[in-house]
Structures are given as C-alpha cells and as structure tokens.
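Here the structure is laid out as structure tokens; the discussion comes afterwards.
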Amino acid sequence: MLTTMNKDNEQNKLKLHLLVEKLRTSDSELLDYLRQEINRATDSNPLEKIEHYLGLDFELDDVDVTKLGNGKIDYSFISDKRVLIGIESDYREMMRYRYGCRSHKEDFYEYCKYAHFQLEALTNYFMEIWSTPDDSDIADVELAKINILKNWPDEKKPDMDSKEQIDEIPYNTKIRAIIEFLNLNSCIISHPDYIYYNLRDVVDNIRNVRNDLSHRGESQSTDMQNAIDDFESSKTLKTTSTGKSNVYDFTGRWKVKYYLWLRSTPWDDVISVLCKYSTAIKQKLD
C-alpha cells in the first residue's frame, strides 16, 4: 500500500512539474495569473513552494549575469522560435545547477552539460545561416564546407568529402571554424598562475566535461589527482626564442591542463564563453 502511494506521489509530482513547465513556456500570462490568485487567497506563496519542491525555482529565470562581471547573455536575436525556446531552457537549467536549485546542490558537471547544449545550438544556428547563399533560403552543405575549410585554424584540415548534409559535420569541426571566423581564437577567458585559458580551450573543456559526465566518480578523481601530482612534481615553464615564458609547458600533458581547470570549478569561465560567443554571433548577424 505504501509503495503504491509513493508511486502515485511521484506520478503526481511529475504531472505538476510538466504542468508548470508547460504554462511557463506556452502561457506565461496564465502562470502569472495563477500565482496572483493563489497569493491573494493566502498569506504565503504556496505556488513558489511547489516550484521549489519540483526543483523549478523560476526566480532564477531572470538572473542578471552582469552581476558576475562577465557580461549578459542575450539570445533574443535568435529568430527561430524552436531554437530560442530550447536554448533559453538550457540556460535556465544551467543556472539552477549553478545555484543548487535543480538537484538541491551545486553541480559543475551538469552546469557544463547545459552550457554545451547552448554552444551546440548557437553553432548549428549560425552554421545554417552562414551556409545559406544570398539568393536562397536553404543552407548549402557545399558552402558550409567552403566556409569551414577557409576558416580552419590548423594546417591539417578536416576531411569534408564524405559529408552530404550540414548535420553530418561534427560539432567540434563547426565550432572551431566559427571561432576562427569570429576572431575569438585569441580571446583569453582566464589566467590563473602560469596558465592561460583562451575561448577555444574553455569550449573544449566544456565539451570534455559533458563527455566525462557519465564516467565521473572515485576512479576518475584518482586519475585526475595522480596526473596533477605527476605534473606538479616536474612542471617547467615553456621556453621561447627569448627564454623562459610566464606559462607552464603542457607539451604531452594537455589533459592535465584540462584537469586543473576542472578541479577549480571555474563557473565564471563558462558564463564568459557563452557571453562572448553569443555576442559575437549576434554582432555578425546584425
């Protein structure tokens, strides 16, 4: 009997979750009216308590990230409503994991996962527009290939011959070319002691965190710590033609650079990348 009641409670919780989420996305005016009516009938705010219980916490929807000192994320330039709704939803999810609302604890891995979803959406959105000829309304995969190869930052270019649709081009290939096209490659995001993380570094780190999400645990923490300890015991500064530089040499140990970044849980780096990337895309589309 108790088990059946628990199942019913979980089902009802899910239904409430879906109802409030549906109202938020499809009829925000009705949701506001519901709040007002409930508040008018009570001294407290039971709907707010319901939202908190469900892990929704809509007060975070309007968090002004300018207070974090990294600029403001503004996705209003996205004309495709489906893309806009999805990317704004991912932004809210990301912020809930930043402030411990969705799972009732801060979670940097989940935070990066939803940041990655936003980067993917921005990349695919811009690639479609970038690859649409002036005399057409349909994106052309051949133009996408030309744009990518023309803006590829390395001498070794990706193999594009087998790609017959833009969707077949890997995300990492698209975003690397777009970052180069937007002149963001040299954009420094953070500079802890003797390490520089540019925008491309952090984009790669966010993707790695998302990929590592299902593997995190004690074994990964041990591997990370062992790699960092090994690096700390033999680290040297990078040598240039003029002598020692002011950055560590990570040659052959690039994963350690990622581990050091991940261990520091740099929340603001992630926000900064989203701000700079989305702003650059908006300016290019204006």
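Just so we're clear, the structure is a prediction, and the values are computed from it rather than from any experiment.
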Please list every donor-acceptor pair under 3.5 Å in which a side-chain atom of residues 230-238 meets a protein atom from a residue at least two apart or in another chain.
{"unit_1": "Asp230", "atom_1": "OD2", "unit_2": "Arg253", "atom_2": "NH2", "d": "3.4"}
{"unit_1": "Glu232", "atom_1": "OE1", "unit_2": "Lys235", "atom_2": "NZ", "d": "2.5"}
{"unit_1": "Ser233", "atom_1": "OG", "unit_2": "Asp230", "atom_2": "O", "d": "2.7"}
{"unit_1": "Ser234", "atom_1": "OG", "unit_2": "Asp230", "atom_2": "O", "d": "3.2"}
{"unit_1": "Ser234", "atom_1": "OG", "unit_2": "Arg253", "atom_2": "NH1", "d": "3.0"}
{"unit_1": "Ser234", "atom_1": "OG", "unit_2": "Arg253", "atom_2": "NH2", "d": "2.9"}
{"unit_1": "Lys235", "atom_1": "NZ", "unit_2": "Tyr248", "atom_2": "OH", "d": "3.2"}

Distance, nearest 0.5 Å, that separates [atom1] of [X] from [atom2] of [Y]:
X: Met95; Y: Tyr111; atom1: CE; atom2: OH; result: 6.0 Å
X: Glu120; Y: Ile87; atom1: CD; atom2: CD1; result: 10.5 Å
X: Ile178; Y: Asn147; atom1: CD1; atom2: CG; result: 9.0 Å
X: Asn183; Y: Asn151; atom1: CG; atom2: CG; result: 9.0 Å
X: Tyr114; Y: Leu274; atom1: OH; atom2: CG; result: 14.5 Å

Within a 6.0 Å radius of atom CG on Asp286, are there more than 12 heavy atoms belonging to other residues, nucleotides or ligands?
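Enclosed.
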NZ/Lys157: more than 12 non-hydrogen atoms of other groups inside 6.0 Å
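More than 12 heavy atoms, drawn from other residues, nucleotides or ligands, come within 6.0 Å of this atom.
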Qualifying residues under side-chain contact (heavy atoms from CB on, under 4.5 Å), relative to Asn226, sequence neighbours excluded:
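Asn226 satisfies side-chain contact (heavy atoms from CB on, under 4.5 Å) with Thr222 once adjacent residues are dropped.
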Residue list, side-chain hydrogen bond (donor to acceptor under 3.5 Å, both in side chains) with Tyr277, at least two apart or on another chain
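With neighbours one apart ignored, the set is Thr123.
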Side-chain donor-acceptor pair under 3.5 Å between [X] and [Y], yes or no?
X: Ser131; Y: Asp140; value: no
X: Tyr75; Y: Gln118; value: yes
X: Gln225; Y: Asp229; value: yes
X: Asn205; Y: Tyr259; value: no

Closer than 3.5 angstrom, by distance alone: can the side chain of Asp107 be matched with the main-chain N or O of Tyr109 as a donor-acceptor pair?
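Answer holds: yes.
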Between Ser136 (side chain) and Pro133 (backbone), is there a donor-acceptor pair under 3.5 Å?
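Answer holds: no.
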Looking at residues at least two apart in the chain, or sitting in another chain, which of them share a ring-ring contact (aromatic ring centres under 6.0 Å, His included) with Trp152?
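With neighbours one apart ignored, the set is empty.
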Are Ile188 and Leu184 connected in a single hydrophobic cluster, I mean Ile/Leu/Val/Met/Phe/Trp/Tyr linked by side-chain heavy atoms less than 4.5 Å apart?
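In one cluster with Leu184: Ile188, no.
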Side-chain contact test, heavy atoms from C-beta onward, threshold under 4.5 Å: evaluate it for Arg98 versus Met94 and give yes or no.
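Of all side-chain heavy-atom pairs linking Met94 with Arg98, none is under 4.5 Å.
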Sequence neighbours excluded and cut-off under 3.5 Å, please list the side-chain donor-acceptor pairs for residues 158-171, or say none.
{"unit_1": "Asp159", "atom_1": "OD1", "unit_2": "Asp161", "atom_2": "N", "d": "3.2"}
{"unit_1": "Glu168", "atom_1": "OE1", "unit_2": "Glu164", "atom_2": "N", "d": "2.9"}

List the atom pairs, donor and acceptor, that lie under 3.5 Å between side-chain atoms in residues 77-84 and the rest of the protein, sequence neighbours left out.
{"unit_1": "Ser79", "atom_1": "OG", "unit_2": "Tyr125", "atom_2": "OH", "d": "3.0"}
{"unit_1": "Asp80", "atom_1": "OD1", "unit_2": "Arg82", "atom_2": "N", "d": "3.0"}
{"unit_1": "Asp80", "atom_1": "OD1", "unit_2": "Val83", "atom_2": "N", "d": "3.3"}

Verdict with reasoning, Phe108 to Trp261, per ring pair (Phe, Tyr, Trp, His ring centres under 6.0 Å)
CA-CA 12 Å; Phe108 188 69; Trp261 183 87; 5.6 Å; yes
Before accepting this row, confirm whether a basic side-chain N of the pair Lys257/Asp249 lies closer than 4.0 Å to the acidic partner's carboxylate O.
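Asp249 and Lys257: not salt-bridged.
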